[in-house]
Amino acid sequence: MAWGRMPPDLRNASVPALALLPLRFFFGVTFIYAGIDKLLDPAFFDPESATSIQSQFQVFERASPLTPLVHAAEPYAVLLGGLIALSEIAVGIGAVTGLAYRVAAIGGTAISFLFFLTASWTTHPYYFGNDLPYAFGWLTLALAGHGDLFVLLLPGTPRHGAHEATDRTRRGLIQVGVLALATLLLGGAAALLRSVRNEPPSTDIGSSPTPGPTISGSPDQSSSPTSTATVVPSTPNGLVVANVSDVQGAGARRFTVPVAAPAPLPAGDPAIVVELPDGTFAAFDALCTHEGCRVSYNFRAKILVCPCHGAEFDPTNHARVLGGPAPEPLLELPLVVDRRTGAIALAVE
Ligand code: FES
């Protein structure tokens with residue numbers, strides 16, 4: 001066998017399309033579901049929500065190898081979120097119906113690799129993430145084709161004939177057109193349904209995966225006892241981020257790390273200050289060390305929990321990991337508490 005040449009056995013090998021049907025339909029249905037789910041989800045486009053596309057962009061910007069691209073795309077997060085949802089629907093329909101099949105499968109490969117480089121990038125070891133298997137699964141489907149199994153035949157589509165190449169081009173264009181139309185109909189119906197439901201946007205500010213803007217004012221009205229701290233001016237002791245009485249009432253209070261905070265504090269990150277059982281206070285970066293979702297405080301269990309994959313952290317023990325996939329504790333922020341004034345401040349060296 002000479003290098004650069006495939007052995008005859010490999011060259012003539014074929015993958016039965018039948019054997020790929022489970023993969024094809026599972027991926028297809030899952031991608032349709034994922035796309036519709038995004039468009040139906042009132043939180044997806046709500047910048048304050050746990051799962052909004054804007055919030056996810058902010059997390060990706062911190063951790064993805066595509067940081068410059070993510071940064072450039074961030075102002076268009078809502079538009080891109082919508083396009084991603086529609087692309088997932090299109091890819092899923094293509095896989096299920098066989099329309100523009102290879103284009104759809106290549107699209108699925110690209111989307112999954114994009115998710116791997118953003119959403120799954122911080123998952124270690126990599127095999128805990130699911131986007132890479134999706135990417136290679138889609139690649140397999142793109143290489144294998146549908147084998148003419150379960151392919152939707154469109155009426156009026158030109159048949160094989162003397163002008164085979166022209167016919168194939170026409171068939172391809174028609175299929176892409178039908179696929180785009182079906183995607184817009186399905187995606188439009190999902191968006192319409194969401195607006196008809198008129199659900200209020202998510203107020204689960206205790207579990208957002210990303211930093212939100214610096215917030216001043218009203219306490220958290222969500223079911224979580226955690227509330228949002230007012231960022232107040234600095235004092236000689238540090239940067240005031242909360243008040244003792246506010247934290248004591250709620251058990252914990254959220255705040256945004258001030259931009260003026262010294263390294264290694266990640267300025268702009270969401271953070272949380274917790275009252276410990278002995279009456280002292282501890283503050284932590286609120287971004288989960290697994291994939292960056294925003295942790296919230298469980299008042300009953302007195303622990304910090306991540307809504308995404310269930311990581312739990314012990315605030316009484318420097319946010320030690322109690323369970324779940326988080327690889328390390330939350331970053332602890334040094335505090336200075338002035339009992340006289342009630343100010344809780346981030347220590348400034
Ligand atoms: Fe996965 Fe927190 S992001 S457990």
Side-chain angles (χ1 to χ4, degrees), residues 6-7 9-41 44 51 53 56 59-60 63-66 69-70 80-152 172 175-176 178-180 182-183 186-187 190 209 290-293 308-310 325:
M6 279 189 183
D9 285 355
L10 202 56
R11 218 167 32 227
N12 298 327
S14 67
V15 179
L18 195 59
L20 290 175
L21 277 182
L23 185 71
R24 172 182 159 190
F25 282 104
F26 175 75
F27 275 23
V29 170
T30 300
F31 264 55
I32 293 173
Y33 172 48
I36 290 178
D37 199 39
K38 287 183 178 68
L39 295 175
L40 281 176
D41 182 2
F44 187 63
T51 53
I53 185 67
Q56 292 178 51
V59 171
F60 301 159
S64 167
L66 304 179
L69 267 182
V70 175
L80 292 172
L83 284 176
I84 286 171
L86 290 175
S87 301
E88 286 177 323
I89 294 173
V91 163
I93 294 176
V96 170
T97 62
L99 293 176
Y101 184 80
R102 285 188 199 270
V103 174
I106 290 169
T109 309
I111 290 172
S112 300
F113 269 120
L114 184 66
F115 288 170
F116 168 67
L117 291 170
T118 51
S120 295
W121 186 252
T122 54
T123 303
H124 298 292
Y126 72 91
Y127 52 75
F128 279 145
N130 58 5
D131 292 314
L132 209 51
Y134 270 109
F136 281 101
W138 279 117
L139 187 59
T140 301
L141 295 178
L143 291 171
H146 54 51
D148 287 327
L149 269 182
F150 293 102
V151 177
L152 190 68
Q175 289 189 12
V176 168
V178 172
L179 189 59
T183 299
L186 200 54
H290 180 221
E291 288 188 3
C293 290
C308 291
H309 311 101

>> Counting only heavy atoms from other residues, nucleotides and ligands, does the tally under 6.0 Å from CZ of F25 exceed 12?
In response: yes

> Any idea how F27 and W138 line up, ring-wise: parallel (<30°), tilted (30 to 60°), or perpendicular (>60°)?
Replying inline: tilted

>> Holding to side-chain hydrogen bond (donor to acceptor under 3.5 Å, both in side chains), I want the full list of residues that pass it with S120, two or more places apart in sequence or in another chain.
In response: D131

> In chain order, what residues pass the side-chain hydrogen bond (donor to acceptor under 3.5 Å, both in side chains) check against H290, with sequence neighbours excluded?
Replying inline: H309

> Is there a side-chain contact between L80 and I53, using heavy atoms and a 4.5 Å cut-off?
Replying inline: no

> Donor-acceptor pair, Q175 side chain versus A100 backbone, under 3.5 Å?
Replying inline: yes

> What are the two closest non-hydrogen atoms of I111 and S87, and how far apart are they?
Replying inline: CD1-CB, 3.7 Å

> Do L186 and I32 touch side chain to side chain, with heavy atoms closer than 4.5 Å?
Replying inline: yes

> Could you go step by step and tell me if L66 and W121 meet the side-chain contact (heavy atoms from CB on, under 4.5 Å) rule?
Replying inline: CA-CA 10 Å; L66 304 179; W121 186 252; over 6 Å; no

> Minimum heavy-atom separation for A104 to A95, with atom names?
Replying inline: CB-N, 4.3 Å

> Who passes ring pair (Phe, Tyr, Trp, His ring centres under 6.0 Å) against Y101, sequence neighbours left out?
Replying inline: H146

>> If you compare all heavy atoms of N130 against all heavy atoms of Y134, which two are closest, and at what distance to 0.1 Å?
In response: O-CD1, 3.0 Å

> Which pair of non-hydrogen atoms, one from L39 and one from I89, has the smallest distance, and what is that distance?
Replying inline: CD1-CD1, 3.9 Å

> Between the side chain of T183 and the main-chain N/O of L86, is any donor-acceptor distance below 3.5 Å?
Replying inline: no

>> Using only atom types and a distance under 3.5 Å, with no angle test, would you say the side chain of T118 pairs donor to acceptor with the backbone of S64?
In response: no

> Closest approach of L20 and A144, non-hydrogen atoms and distance?
Replying inline: CD1-CB, 3.2 Å

>> On a heavy-atom basis, which atom in A142 and which in I106 lie closest, and how many Å separate them?
In response: CB-CG1, 3.9 Å

> Rounded to the nearest 0.5 Å, how far apart are CG of L141 and CZ of R102?
Replying inline: 10.0 Å

> Does any non-hydrogen side-chain atom of F113 lie less than 4.5 Å from one of L132?
Replying inline: yes

> Going by heavy atoms in the side chains, are L21 and R24 under 4.5 Å from each other?
Replying inline: yes

